[in-house]
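Let me begin by presenting the structure, written as structure tokens, before commenting on it.
Just so you know, these numbers use all the heavy atoms, side chains as well, and skip hydrogens, waters and symmetry mates.
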Amino acid sequence: IIDCSKTIDIVHQQIEDIVAEINHIIDNTPNFKPWLGEDTFSPEYYRKKGVLNIDDDVMLLTADDICAIFGIKAPHKGFLRAGGANLTDNLIVWWPNAVHKSWANEMSADEKSITEYHKGDRRTLHVQEHLAKEQRRITFYRKRDLFGRNYYRFVGVYELDKEQSFAENKCVWRRITDTYKL
């Protein structure tokens, strides 16, 4: 006959030991950010929070979710979706894609700049259009995570670096703040 009570006590002790080890690792990990659940993929979560901050690792699944935070609709160009939506004349919600057939959107390693340009013959015209106006972009950069899922991560508010854009014939956007108050 097997004494199950001792076996159960051993399993319970092992569970307690593992939980204690996990808590120790969490307590000794600088800047540990616990997962807040599926709600963090919800536009409503961020609307209620009232602020976007890159330290919060804001991630959304679709352009429609991004637009919902701001109470706007994602514009379409025929069956294609645009890469941004106007909030005001000089403020755009932008969701550049790291991989695109016609456009390059290259983020620097420190995420403080994004270089945007058309891969074809529209490059110069695109740069000239942006050099002629003042504009800021609330930016959600689209990337693939380690599990192969695509998501849009808030990376800050960017403004055009006109000198470098002119010199490179590419739109070079520089982060001016890592938060945006809704």
Side-chain angles (χ1 to χ4, degrees), residues 1-74 81-85 87 91-101 103-116 136-159 172-182:
I1 297 177
I2 299 174
D3 184 357
C4 292
S5 64
K6 287 186 180 180
T7 304
I8 299 256
D9 290 341
I10 291 170
V11 169
H12 283 285
Q13 185 58 51
Q14 288 173 335
I15 291 170
E16 287 178 22
D17 292 346
I18 291 170
V19 168
E21 184 174 343
I22 291 169
N23 285 332
H24 175 75
I25 291 169
I26 290 170
D27 291 342
N28 292 297
T29 301
N31 303 320
F32 175 77
K33 295 178 192 170
W35 185 57
L36 301 174
E38 289 294 324
D39 287 346
T40 58
F41 290 109
S42 162
E44 191 57 33
Y45 174 84
Y46 296 104
R47 284 182 72 123
K48 286 179 184 174
K49 190 171 183 178
V51 67
L52 299 171
N53 188 316
I54 62 171
D55 291 336
D56 292 338
D57 227 7
V58 177
M59 292 188 293
L60 297 163
L61 299 175
T62 69
D64 289 328
D65 290 342
I66 294 167
C67 289
I69 290 175
F70 301 93
I72 59 176
K73 295 271 186 199
R81 176 153 311 173
L87 279 181
L91 185 61
I92 290 180
V93 180
W94 185 37
W95 48 90
N97 189 341
V99 179
H100 194 279
K101 185 173 102 177
W103 291 93
N105 295 296
E106 301 161 352
M107 180 174 282
S108 64
D110 64 4
E111 299 188 349
K112 292 184 179 180
S113 70
I114 300 171
T115 302
E116 169 203 25
R136 291 187 174 173
R137 293 181 171 190
I138 305 163
T139 306
F140 294 80
Y141 196 73
R142 185 173 186 254
K143 287 182 75 173
R144 187 173 298 237
D145 70 9
L146 297 172
F147 303 107
R149 294 174 297 185
N150 289 314
Y151 64 90
Y152 296 89
R153 188 169 58 85
F154 175 70
V155 292
V157 180
Y158 290 73
E159 189 172 69
V172 179
W173 299 93
R174 299 259 182 240
R175 185 166 61 206
I176 56 171
T177 182
D178 56 8
T179 61
Y180 182 79
K181 187 169 173 50
L182 297 167

Partner set under side-chain hydrogen bond (donor to acceptor under 3.5 Å, both in side chains) for [X], not counting sequence neighbours:
| X | answer |
| --- | --- |
| H24 | N28 |
| D65 | T62 |
| N23 | none |
| W94 | none |

Indicate yes or no: at least one non-hydrogen side-chain atom of [X] is less than 4.5 angstrom from one of [Y].
| X | Y | result |
| --- | --- | --- |
| L91 | Y180 | yes |
| L60 | I69 | yes |
| Y141 | R153 | no |
| C67 | W95 | yes |

Let me confirm one number: the CD1-CG distance from I72 to D64, rounded to the nearest 0.5 Å. 10.5 Å

Looking at CD1 of I114 and CD of E106, how far apart are the two atoms once the value is rounded to the nearest 0.5 Å? 11.0 Å

Taking only residues two or more places apart in sequence or in another chain, which ones pass side chain to side chain contact (heavy atoms under 4.5 Å, CB included) with [X]?
| X | result |
| --- | --- |
| E16 | Q13 |
| I18 | I22 |
| K112 | D110, R175 |

Compare every heavy atom of [Y] with every heavy atom of [X], then report the nearest pair and how far apart it is.
| X | Y | value |
| --- | --- | --- |
| D57 | Y46 | O-OH, 4.5 Å |
| P96 | T139 | CD-CG2, 3.8 Å |
| M107 | Y158 | CE-OH, 4.2 Å |

Please name all residues satisfying ring-ring contact (aromatic ring centres under 6.0 Å, His included) with F140, sequence neighbours left out, ordered by chain then number. F154

Listed by chain and number, what are the salt bridge (charged side-chain N to carboxylate O under 4.0 Å, His left out) partners of [X], not counting sequence neighbours?
| X | answer |
| --- | --- |
| E159 | R136 |
| R174 | D161 |
| E44 | none |

Apply the test side-chain contact (heavy atoms from CB on, under 4.5 Å) to residues R149 and M59: give CA-CA distance (whole Å), side-chain angles for both, the deciding distance (0.1 Å), then the verdict. CA-CA 11 Å; R149 294 174 297 185; M59 292 188 293; over 6 Å; no

Show me the side-chain donor-acceptor pairs of residues 47-54 shorter than 3.5 Å, one per line, residues at least two apart or across chains.
from, atom 1, to, atom 2, distance (Å)
R47, NH1, A68, O, 2.8
K49, NZ, D56, OD2, 2.5
N53, OD1, D55, N, 2.8

